[in-house]
Amino acid sequence: MSTLDDDLTGLQSRRNFLATLRQQVNFSNELQAPLALLVVDIDGFAKLNAAHGYEFGDQALKYVAQHLRSIARAQDYVGRLGDNRFGLLLTRIMNQGHAELAVQQVLRHLEVPFQGSKGTVRLNATIGIAVCPQHASHPEFLLRQAEKSLELARETGVRWLTPPDTQQDEGFSEFWDLEIELDGAIQRGEFLLNYQPKLQARDLRPVGAEALMSWPHRARGNVPPDLFIPIAENTGQIRPMTMWALNTALRHASTWRHSSPLSVAVNIPADMVARDDLPDMVENALRLWGTPGVELVLEITERSLVSDPKQSFRTLARIRELGVKVSIDDFGTGYSCLAYFRDIPADELKIDQSFVQGMATDTASADIATLIIQLAHRFGLTVVAEGVEDERTLALLRERECDVVQGHLFAKAMRLDAFSQWLQQGAARVG
Ligand code: C2E
Ligand code: CA
Ligand code: CA
């Protein structure tokens with residue numbers, strides 16, 4: 001096992017597997033020998049973990065890994081692509097039929113129930129296939145084709161699918177390279193946290209700031225979070241990045257000087273809200289960097305509550321027991337949680353920018369914003385409007401008794417030193 005292998009299963013790690021994929025796709029193109037990629041996703045894995053515990057889940061993953069290894073021939077490769085996702089790379093195959101045979105083998109192996117320490121379960125998998133050169137002749141696009149087939153298989157309720165037979169390598173862009181470069185970016189100290197003020201709507205007193213990540217890249221310039229966060233979420237790199245952000249934001253906030261207590265908000269990705277180790281991570285960060293005058297806020301999107309509300313609610317409740325506030329970000333854009341809204345363990349709602357920015361010109365947006373404010377107040381939550389860019393919108397928000405505002409009208413996200421300075425000047429301005 002090399003250092004690039006996955007600790008749990010001993011299979012190639014995602015990074016290693018992707019490097020192999022690139023190399024093998026090149027060979028495949030040169031030698032004109034087809035190659036197939038199978039992406040194997042274990043179904044209902046979050047539920048299995050919730051029901052039997054993580055140890056049992058880990059045993060199940062090892063079990064699957066072992067079967068995949070036994071299916072692989074000497075010239076094939078097996079890797080772990082994500083929590084419960086595996087890749088099987090079949091090189092030098094004859095045709096697509098060969099890949100389909102391998103799929104049947106995987107499914108047949110999994111028909112044998114898995115016996116773990118806490119009982120016996122039947123594991124199911126959904127599989128996406130893509131063949132080079134039939135479906136793509138670029139490694140990143142091949143992976144995307146296989147993953148797309150997987151999603152489609154899942155949506156349509158079949159066990160496996162191949163993409164339609166159209167070879168088109170469009171859109172492989174910079175995505176692939178960015179993923180590789182993201183690896184180790186934390187260790188190289190490449191990320192920055194910038195702070196955007198949140199102000200009380202009534203008198204524009206600062207109440208805190210939201211930490212926003214940026215990645216000033218040596219060669220590419222500033223890479224926007226909208227580009228790199230989704231990649232990091234896909235690859236699992238978001239976990240160490242979030243831990244870094246939590247610790248750094250708390251450390252920075254402990255240096256802020258202001259006449260009244262301030263909060264610091266950190267964005268938490270959906271995937272981590274449903275996991276039960278988030279409260280421990282938060283508690284550790286607080287133990288290291290927490291200071292009495294600083295309140296920690298976790299901003300989570302409405303979407304993170306949808307996949308497993310019960311588990312997420314439990315996690316959030318534990319987090320609130322630590323004295324940490326929970327804020328629901330981008331509110332109004334998700335598949336709304338209205339049905340269980342009153343049970344959400346949250347303290348704050350952030351109206352999505354799209355409604356805020358439409359308020360002054362579009363009555364539908366203004367109506368939605370008004371409704372969200374009323375709803376939040378009805379359940380005792382603070383309401384924040386983000387993306388406030390003009391005085392007119394501020395006036396409308398004040399009329400509707402929105403509590404807190406954030407946006408370019410007041411300040412953009414700033415480096416730590418600039419924010420500290422802004423705080424001092426702001427304090428002088430407000431008096
Ligand atoms: P978000 O959490 O909804 O953050 C608000 C975004 O709106 C930020 O963009 C902010 O700079 C921008 N913004 C604030 N006021 C205005 C305004 O008045 N006008 C306009 N046009 N934009 C405004 P940013 O920094 O590009 O971040 C984009 C998204 O990336 C964030 O949306 C968040 O989803 C994600 N993100 C950023 N930092 C982190 C992080 O540390 N962790 C995670 N998981 N996600 C992050
Ligand atoms: Ca946010
Ligand atoms: Ca937002």
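FYI, the numbering just counts along the sequence from 1. Both ligands and their constituent atoms are indexed starting at 1 by order of listing. What you see below is based on every heavy atom in this structure, not just the backbone, and it leaves out hydrogens, waters and symmetry mates.
- The nearest pair of heavy atoms linking Leu192 to Pro216 is CD1-CG, 3.7 Å.
- Within the 3.0 Å limit, Asp330 places no N, O or S atom next to the Ca ion (ligand 2).
- In the vicinity of Gly407, heavy-atom distances shorter than 4.0 Å reach the ligand 1 atoms 15 (N), 18 (O).
- Protein non-hydrogen atoms do reach within 4.0 Å of atom 44 (N) of ligand 1.
- Using a cut-off of 3.0 Å, one finds that Asn267 contributes an N/O/S atom close to the Ca ion (ligand 2).
- The side chain of Gln353, and not its backbone, has at least one atom closer than 4.0 Å to an atom of ligand 1 (non-hydrogen atoms only; side chain from C-beta on).
- Between Glu151 and Arg85 there is a salt bridge, since a side-chain N of the basic residue sits under 4.0 Å from a carboxylate O of the acidic one.
- In this structure, Trp256 has its ring center closer than 6.0 angstrom to the ring center of Tyr195.
- In Asp329, the N, O or S atom that comes nearest to the Ca ion (ligand 3) is OD1.
- Checked against the 6.0 Å centroid threshold, Phe56 and Tyr63 do not count as a close aromatic pair.
- Only the side chain of Gln196 comes within 4.0 Å of ligand 1, counting heavy atoms alone; its backbone N, CA, C and O stay farther away.
- Counting heavy atoms under 4.0 Å from ligand 1, residue Leu212 touches it through both backbone and side chain.
- A donor-acceptor distance shorter than 3.5 angstrom exists from the side chain of Arg80 to the backbone of Asp83, with no hydrogens or angles considered.
- With Ser327 as reference, Glu348 is the one residue of Lys350, Glu348, Lys198 to meet the side chain to side chain donor-acceptor pair (under 3.5 Å) rule.
- His217 and Glu181 share a side-chain donor-acceptor pair at under 3.5 Å.
- Among protein heavy atoms, the minimum distance from atom 26 (O) of ligand 1 is reached at Pro225 CG, 3.4 Å.
- At under 3.5 Å, a nitrogen or oxygen of His408, whether backbone or side chain, sits near a nitrogen or oxygen of ligand 1.
- The pair Asp43-Arg159 meets the salt-bridge criterion, since a charged nitrogen lies less than 4.0 angstrom from a carboxylate oxygen.
- In terms of polar-atom proximity, Met213 is counted as a contact of ligand 1, with an N or O under 3.5 Å from an N or O of the ligand.
- Residue Asn267 has at least one N or O atom closer than 3.5 Å to an N or O atom of ligand 1.
- Nearest N/O/S atom of Glu210 relative to the Ca ion (ligand 2): this is OE2.
- Shortest distance from the Ca ion (ligand 2) to Glu299 is reached at OE1 (N/O/S atoms only).
- Under a 4.0 angstrom heavy-atom cut-off, Pro224 registers as lying outside contact with ligand 1.
- Interface of Asp330 with ligand 1, defined as ligand atoms under 4.0 Å from a residue heavy atom, comprises 3 (O).
- Distance check for atom 7 (O) of ligand 1: a protein heavy atom is found below 4.0 Å.
- The distance from ligand 1 to the heavy atoms of Glu210 drops below 4.0 Å at these ligand atoms: 2 (O), 4 (O).
- Nearest to atom 46 (C) of ligand 1 by heavy-atom distance, out of Asp352, Ile238, Leu227, Ile229, is Ile229.
- With respect to Arg218 and Glu190, a salt bridge is recorded, a charged nitrogen being found less than 4.0 Å from a carboxylate O.
- By the 4.0 Å N-to-carboxylate-O rule, Asp277 lies close enough to Arg239 to be salt-bridged with it.
- In summary, no N, O or S atom of Glu386 is located under 3.0 Å from the Ca ion (ligand 2).
- Scanning both residues, Leu396 and Ala360, for their nearest heavy atoms gives CD1-CA, 3.8 Å.
- For the residue pair Asp330 / Gln353, no side-chain donor-acceptor distance below 3.5 Å is found, with atom types taken as modelled.
- Atoms of ligand 1 lying under 4.0 Å from any heavy atom of Asp226, numbered from 1 in the order shown and given with element: 28 (C), 29 (C), 30 (O).
- Looking at Glu386 against ligand 1, only its side chain comes within 4.0 Å, counting heavy atoms.
- Contacts with ligand 1 closer than 4.0 Å are made by side-chain heavy atoms of Asp329 only, the backbone lying farther away.
- Residues Asp41 and Arg154 are paired through a salt bridge, judged by an N-O separation under 4.0 Å between the basic side chain and the carboxylate.
- Side-chain polar atoms of Gln200 and Asp203 form a donor-acceptor pair below 3.5 angstrom.
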Next item on the list: Quick one: do Phe228 and Phe191 satisfy ring-ring contact (aromatic ring centres under 6.0 Å, His included)? Show the steps, please.
Entry: CA-CA 11 Å; Phe228 70 81; Phe191 294 119; 5.6 Å; yes
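- Short contacts between ligand 1 and Gln357, defined as distances under 4.0 Å to a heavy atom of the residue, involve ligand atoms 19 (N), 20 (C), 21 (N).
- In summary, the atoms of ligand 1 found under 4.0 Å from a heavy atom of Glu389, numbered by their order in the structure, are 17 (C), 18 (O), 19 (N), 20 (C), 21 (N).
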